[in-house]
Participant: 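Pasting in a structure now, in structure tokens, and then I'll have a few things to ask.
All chains are named by letter (A, B, ...) in the order of the sequence lines, taking the proteins before the strands, and each is independently numbered beginning at 1. Just so you know, these numbers use all the heavy atoms, side chains as well, and skip hydrogens, waters and symmetry mates.
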Number of protein chains: 2
Amino acid sequence: MQFTKAEEYGIFGVLYLAEKDRAVVTPLSEISKAQNIPEKFLAKIFQSLSKSGIIRSHRGVRGGFTLAKDPSEISVKEVLETIQGPYHLMKCLGDFKSCTMNKVDFCPLREILLIAEKRLVSVFDEYTLSDLVKWEKARTAAT
Amino acid sequence: MQFTKAEEYGIFGVLYLAEKDRAVVTPLSEISKAQNIPEKFLAKIFQSLSKSGIIRSHRGVRGGFTLAKDPSEISVKEVLETIQGPYHLMKCLGDFKSCTMNKVDFCPLREILLIAEKRLVSVFDEYTLSDLVKWEKARTAAT
DNA sequence: TTCTTCGGCTTTAGTAAATTGCATAGGAAC
DNA sequence: GTTCCTATGCAATTTACTAAAGCCGAAGAA
Ligand code: SF4
Ligand code: SF4
């Protein structure tokens, strides 16, 4: 529900890959060091990302990770949801049954949360990793 | 950052008041019982709401709470932010200095979070308590 | 004075996030 | 095929925050 370290780390992890050539295999240790992320934590995150087909893993000597698709085809939403599951402002938004109070039939708060969440998630769906990389490059070029 | 019980309880608490005539003084015990909220928890929430001028407290025998303004003048955002402080998807959005990684100059993730948060909060700013009451009444009338 | 209801503070319990550790498996290099 | 490197998988820990309860004091109507 909230923005968590895992998500932040995940984004920066894939972003690091997105900034390189897709063919370059990058070990976890390098990413972890470059982005200041606890290595084991990033490992767990990358495991999920690998399973869901966003990145590809390569074991053995000189192994590591590469992006599985082009950065322009990976939405921010995709990355975030892979890491922490569907983003919900409150559990009941995914399933009305999980309402903690006993609003079995109707809940005005839920209505407004649905609207809010829809707008929120749409932002993450609109942007891709290549957008982020673009912004960063534009910024460093400007200075 | 996340939607918390306190916020949910707070909304339902004021909503209970909003459904009544503004002149009626309602004790915490009644609200707590009607909405299934731990009384002491609700007490703490109402304390903040009282301080920020959303509701008014009345002590002594037959005391309790009333709304300080008309429901149509109380935005959902106002209530939520009173309870848990400014809503931020990540701390750095309020203050760049509180960045946990060392992105001192620029951060692409922050850019996208700013956009997302703006859209999210705008929803809560658009609706007032009277909107929620209206929805509820429309619903109960329909069934 | 008395009883009721809010006010403010402290403490406890519960839950989830953040991090670390270790033993295993796959695979390149030689 | 041996060796070394790097990911994989699971368990355990620490930390942080949420949720809730408790206690005593203050205000105020009856
Ligand atoms: S009371 Fe409303 S907002 Fe809360 S969990 Fe139930 S449906 Fe969701
Ligand atoms: S790295 Fe970016 S998103 Fe994360 S705290 Fe710093 S500014 Fe915010």
Participant: Which ones in residues 21-48 of chain A lie close to DNA chain C, meaning a heavy atom under 4.0 Å from one of its atoms?
Facilitator: A:Pro38, A:Lys40, A:Phe41, A:Lys44

Participant: Which donor-acceptor pairs under 3.5 Å do side chains of residues 68-76 of chain A form with protein atoms, sequence neighbours excluded?
Facilitator:
unit_1	atom_1	unit_2	atom_2	d
A:Lys69	NZ	A:Glu78	OE2	2.5
A:Asp70	OD2	A:Ser72	N	3.1
A:Asp70	OD2	A:Ser72	OG	2.7
A:Ser75	OG	A:Glu78	N	3.0

Participant: In whole angstrom, what separates A:Lys5's NZ from C:dT20's C1'?
Facilitator: 17 Å

Participant: If you restrict it to nitrogen or oxygen atoms, what contacts under 3.5 Å exist between nucleotides 26-30 of chain D and the protein, and what is each distance?
Facilitator:
unit_1	atom_1	unit_2	atom_2	d
D:dA27	O4'	B:Arg59	NE	3.3
D:dA27	O4'	B:Arg59	NH2	3.1

Participant: With a 6.0 Å cut-off (strictly less than), is the heavy-atom count around CZ of B:Arg22, excluding the residue itself, greater than 12?
Facilitator: yes

Participant: Rounded to the nearest Å, what distance is computed from the CZ atom of residue B:Arg56 to the C1' atom of nucleotide C:dT5?
Facilitator: 17 Å

Participant: Using the rule that Ile, Leu, Val, Met, Phe, Trp and Tyr join whenever any side-chain heavy atoms are under 4.5 Å apart, tell me whether B:Leu129 and B:Val25 fall into a single cluster.
Facilitator: no

Participant: Please step through side-chain contact (heavy atoms from CB on, under 4.5 Å) for the pair B:Leu89 and A:Leu120, ending with a clear verdict.
Facilitator: CA-CA 10 Å; B:Leu89 293 171; A:Leu120 177 67; 4.0 Å; yes

Participant: Can B:Lys20 and B:Glu30 be counted as an ion pair, charged N to O under 4.0 angstrom?
Facilitator: yes

Participant: Under 4.0 Å between a side-chain N or O of B:Ser50 and OP1 or OP2 of C:dC6?
Facilitator: no

Participant: When the distance from CZ of B:Phe65 to P of C:dT4 is rounded to whole Å, what number comes out?
Facilitator: 18 Å

Participant: Report the residue (A:Gly64 or B:Ala6) whose heavy-atom-nearest nucleotide on DNA chain D is the more 5′ of the two.
Facilitator: A:Gly64

Participant: Could you list all the salt bridge (charged side-chain N to carboxylate O under 4.0 Å, His left out) pairs where at least one residue sits in residues 110-133 of chain B, not counting sequence neighbours?
Facilitator: A:Arg119-B:Glu126, A:Glu126-B:Arg119, B:Asp131-B:Lys134

Participant: Mind jotting down which residue pairs meet the ring-ring contact (aromatic ring centres under 6.0 Å, His included) criterion with at least one end in residues 120-142 of chain B? Sequence neighbours excluded, please.
Facilitator: B:Phe3-B:Phe124, B:Tyr127-B:Trp135

Participant: Would you kindly give the NZ-to-C1' distance between A:Lys91 and C:dA16, to the nearest whole Å?
Facilitator: 10 Å

Participant: Filter on ring-ring contact (aromatic ring centres under 6.0 Å, His included), then keep only pairs touching residues 26-54 of chain B, sequence neighbours left out; what's left?
Facilitator: B:Tyr9-B:Phe41, B:Phe46-B:Phe65

Participant: Just by distance, do the side chain of B:Thr66 and the backbone of B:Ala23 share a donor-acceptor pair under 3.5 Å?
Facilitator: no

Participant: Rounded to whole Å, please give me the gap between CD in A:Glu8 and C1' in C:dA17.
Facilitator: 14 Å

Participant: Side-chain N or O of B:Tyr9 less than 4.0 angstrom from OP1 or OP2 on D:dA20?
Facilitator: yes

